[in-house]
Amino acid sequence: MPRDTPLRRSLTARLLALSALVSLCSIAATAWLAARTTTGAIKQEQTQAIADQARIYRQLLGYAATHPDWNDAEDTVRRLAAATGQRIVLATPRFEPVIDSAAPAPGPAGPGTAPPRSPGAERAALPRTPTTTVDPLSVDLAMLPDAPGDRIDARAVGPFRLTPEEHEALRNGMEAQADCLRSVLGIEATVTDDPAGRPQLHTADGAVLGRRCATPMVASAPTRTDTAALADLTALVNACLARQERGPVTLSLGPDGVPVGDARQDPPTSACLTNARRQQLVQYVAPPMLLFVGAPADTDTVGPTPVLTAAHPGRITEVSAAVLLVTVAVTVAVGLRLSRPLHALTHAARRMADGDLSARVRVTGRNEISGLAVAFNAMAERRGELEELRKAMVGDIAHELRTPLSNIRGWLEAVEDGVATADRALTGSLLEEAMLLQHLVDDLRDLAAADAGELSLYREPVDIDELLTQVAKSHGAQAQASGVTLAVGPATAPEVFADPVRLRQALGNLVSNAVRHTPSGGTVTLRARAENHSVLIDVADTGSGIAAADLPLVFERFWRAERSRSRRSGGSGLGLAIVRKLAELHDGGVEAASTPGAGAVFTVRLPLEGAGAGAGGDLRQQSG
């Protein structure tokens, strides 16, 4: 691949030469000053810093898992800061400090106050990057490798927390089992509380209970707390599965007190269970907080900063001064040549930020900076085009909303002034106007989701013949009311792997559009066929057709061939744009062909190969 910039003139080569010169001087002057123990000391400090961060994270995560807020976390943060010698800051996801160990201790807070916000925390400088996020419902596996697979902290039990009476009864039952194992079977057994506070029986070498030490009912049966919490969790999981059209499951408590499904549990069920647990626990745990762990001083670096020392400070000063002079001289010489075009780019960028979309940069030479200038000019051109499109879109939306809103307001004012009566006919008319607005808003929402890449597809094998029959049946009443015959031709196409709901929406928009533009006595036909590894679905009508000059514009938003058509008869102006988006999400496309006076044919093309997701149409599982 040919280079755009000669190597000898490239910015990378010049910076590399500068860095090499400075590095050689620095290495030659300071290599003999470094002590062999420096590397070991740095590693030891880094290891200690990582251990301190893990300790701080684990303890704060435990606090968040057992408290619904951070109101009483000030003492815990200050105790950890004193034990580790680190500055600890808890901040909201918007980087607003809440607790800062380096700030003066706050005074007592009254009941019902917000989370403590340390004095001076607003002014304290936070590091650029947080160490991690303290969220017991989404554990950081890098900080806590032994976390459960669902990333929910084991200490977050919420409604499953045992009452003192239940805990005592459960522990007594397990102590009886342990005594039996020790005295009757000679097996060493102990009873301890797990991180969730639930008693657990531990035996040497994983020995199991025999008939002579059967599990007492009090130790094996779920408690009243378990039963109530498990019922709520089961309802949440089954609601999630119902939305995915899956059968219900029965949950039970595992040996460690964590809810589990039956033996048939599959990934969708596991996902629903995990999401349901988070939904159930969210009100019992503290909200997520950004955790910053750094040096006690107000610096922008995280962790301790190792300092290089030597036995000859005078010589270090002399060598450092010489290196500084050489560095400054070379940097100034090269920097002056590099800074001029960068200043021009900065000036143009500021003009653009101030609203001057005509700002451009003069391109000279062939290096990385000139390439940046070319890219900046292209970006400015594109931004100008997008701004024009945005203005046109805003104007179109305002135009589309004005008429129904004006009608609704006018009739309501007439009723308020006593000019009109709020009878059934008027309310029906207002309802129709409101439905037009709702239809327009729904179309805008679908387009916005598609543009943002958030319109999910749930693919499955789709029978084309059955799909066309369903679309024709759902639009039969509209066609009959308009005096149009809606027919389904023979479908010779195989199954496709697609989202049936989105396909019905796309074909429904085409059929609805065809019925509106077909006069009474006309025909709208749906048919499908296979061609060149694709399935082609045609929606043909016998209407007035589309002029050749208008065909490239039919899929544009808010475009209509007849500008005088009202919104009531002309749709939202977004239906065909939505059809194009849905076809593209399926890795396909849509085309229009027409002969004026002889009707139009809209063809949706869907690929036969590739069961995976297309561009923007990734297979996302719906979660509860």
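By convention here, the first residue in the shown sequence is residue 1.
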**Side-chain touch Val285/Leu137, heavy atoms, less than 4.5 angstrom** = yes
**Item:** Worked verdict on Thr274 versus Arg278 for side chain to side chain donor-acceptor pair (under 3.5 Å)
**Value:** CA-CA 6 Å; Thr274 300; Arg278 290 195 174 101; 5.4 Å; no
**Request:** Give, for atom OG of Ser512 and atom NE2 of His475, the distance between the pair rounded to the nearest 0.5 Å.
**Result:** 5.0 Å
**Asked** Considering the options Asp541, Val515, Val604, which one meets the side chain to side chain contact (heavy atoms under 4.5 Å, CB included) requirement together with Leu510?
**Response** Val604
**Backbone N/O of Ser534 and side chain of Asn532: donor-acceptor pair under 3.5 Å** = no
**Request:** Scan side-chain atoms only and decide if Arg350 and Thr346 contain a donor-acceptor pair under the 3.5 Å cut-off.
**Result:** no
**Asked** Are Ser138 and Arg151 linked by a side-chain donor-acceptor pair shorter than 3.5 Å?
**Response** yes
**Request:** Could you check if a side-chain atom of Leu230 sits within less than 4.5 angstrom of a side-chain atom of Asp232, using non-hydrogen atoms only?
**Result:** no
**Request:** Identify the heavy atoms of Asp153 and Ala65 that sit nearest to each other, and give their distance.
**Result:** OD2-CB, 3.9 Å
**Item:** Shortest non-hydrogen contact between Ala156 and Leu281, atoms and distance
**Value:** O-CD1, 3.6 Å
**Request:** Find out whether Asp226 and Phe160 are in side-chain contact, i.e. whether some heavy atom of one side chain is under 4.5 Å from a heavy atom of the other.
**Result:** yes
**Message:** If the threshold is 4.0 Å, N to carboxylate O, is there a salt bridge linking Asp538 and Arg527?
**Reply:** yes
**Message:** Taking Asn509's backbone N and O only, do any of them form a donor-acceptor pair with Asn513's side chain (distance below 3.5 Å, no angle check)?
**Reply:** no
**Asked** Where do Val554 and Ala592 come nearest, in terms of heavy atoms and distance?
**Response** CG2-CB, 4.1 Å
**Main-chain N/O of Tyr458 paired with Asp499 side-chain donor or acceptor, under 3.5 Å** = yes
**For Asn238, the option from Thr250, Val249, Leu233 that meets side chain to side chain contact (heavy atoms under 4.5 Å, CB included)** = Val249
**Message:** I'd like to know if the side chain of Asn377 and the backbone of Val361 have a donor-acceptor N/O pair within less than 3.5 Å.
**Reply:** yes
**Message:** For a quick test of reading the model, state the closest non-hydrogen atom pair linking Pro288 to Thr133 and the distance between them.
**Reply:** CB-CG2, 4.2 Å
**Request:** Look up atom CD in Gln280 and atom OG1 in Thr234, then write down how far apart they are to the nearest 0.5 Å.
**Result:** 9.0 Å
**Request:** Using only heavy-atom distances, determine whether the side chains of Gln505 and Arg502 contain a donor-acceptor pair under 3.5 Å.
**Result:** yes
**Item:** Check: Ser594 side chain, Ile546 main-chain N or O, donor-acceptor pair, under 3.5 Å
**Value:** yes
**Which atom of Ala359 lies closest to which atom of Phe376, heavy atoms considered** = O-CE2, 4.1 Å
**Message:** Using every non-hydrogen atom in the two residues, find where Gly522 and Thr542 come nearest and quote the distance to one decimal.
**Reply:** CA-OG1, 3.4 Å
**Request:** May I ask you to decide if Gln470's main-chain N or O and Ser474's side chain share a donor-acceptor pair within less than 3.5 Å?
**Result:** yes
**Message:** Rounded to the nearest 0.5 Å, what separates atom CG in Leu141 from atom CG in Leu144?
**Reply:** 8.0 Å
**Asked** Would you call Arg605 and Glu531 a salt bridge, using N to O less than 4.0 angstrom?
**Response** no
**Request:** Output, in order, the C-alpha distance, side-chain angles, deciding distance and verdict of side-chain contact (heavy atoms from CB on, under 4.5 Å) for Leu507 and Leu467.
**Result:** CA-CA 9 Å; Leu507 295 178; Leu467 178 69; 3.8 Å; yes
**Request:** State whether the number of non-hydrogen atoms from other residues, nucleotides or ligands found under 6.0 Å of Arg409 atom CZ is greater than 12.
**Result:** no
**Message:** Within the 4.5 Å heavy-atom criterion, are Leu576 and Phe602 side-chain neighbours or not?
**Reply:** yes
**Complete:** dist Leu503:CG -> Leu606:CG (nearest 0.5 Å) comes out at 5.5 Å
**Request:** For Ile152 and Val139, run side-chain contact (heavy atoms from CB on, under 4.5 Å): C-alpha distance rounded to whole Å, both residues' side-chain angles, the deciding distance at 0.1 Å, then the answer.
**Result:** CA-CA 6 Å; Ile152 298 177; Val139 176; over 6 Å; no
**Request:** Test Asp150 against Leu273 for side-chain contact (heavy atoms from CB on, under 4.5 Å), laying out the working first.
**Result:** CA-CA 9 Å; Asp150 56 9; Leu273 176 58; over 6 Å; no
**Asked** Does the side chain of His586 reach to within under 4.5 Å of the side chain of Leu457, using non-hydrogen atoms?
**Response** yes
**Prompt:** Do the non-hydrogen side-chain atoms of Ile537 and Thr603 ever get within less than 4.5 Å of each other?
**Reply:** no
**Prompt:** Any side-chain heavy atom of Gln283 sitting closer than 4.5 Å to one from Pro68?
**Reply:** no
**Val535 side chain reached by Ile464 side chain, heavy atoms, under 4.5 Å** = yes
**Fill in**
Interatomic distance, CG@Leu582 vs CZ@Arg504, rounded to 0.5 Å, equals 12.5 Å
**Request:** Evaluate the side-chain contact (heavy atoms from CB on, under 4.5 Å) criterion for residues Cys272 and Arg243: first the C-alpha distance (whole Å), next the side-chain angles of each, then the deciding distance (0.1 Å), finally the verdict.
**Result:** CA-CA 10 Å; Cys272 281; Arg243 289 192 294 271; over 6 Å; no
**Request:** Decide if atom CD of Glu495 counts as having more than 12 heavy atoms of other residues, nucleotides or ligands within a radius under 6.0 Å.
**Result:** yes
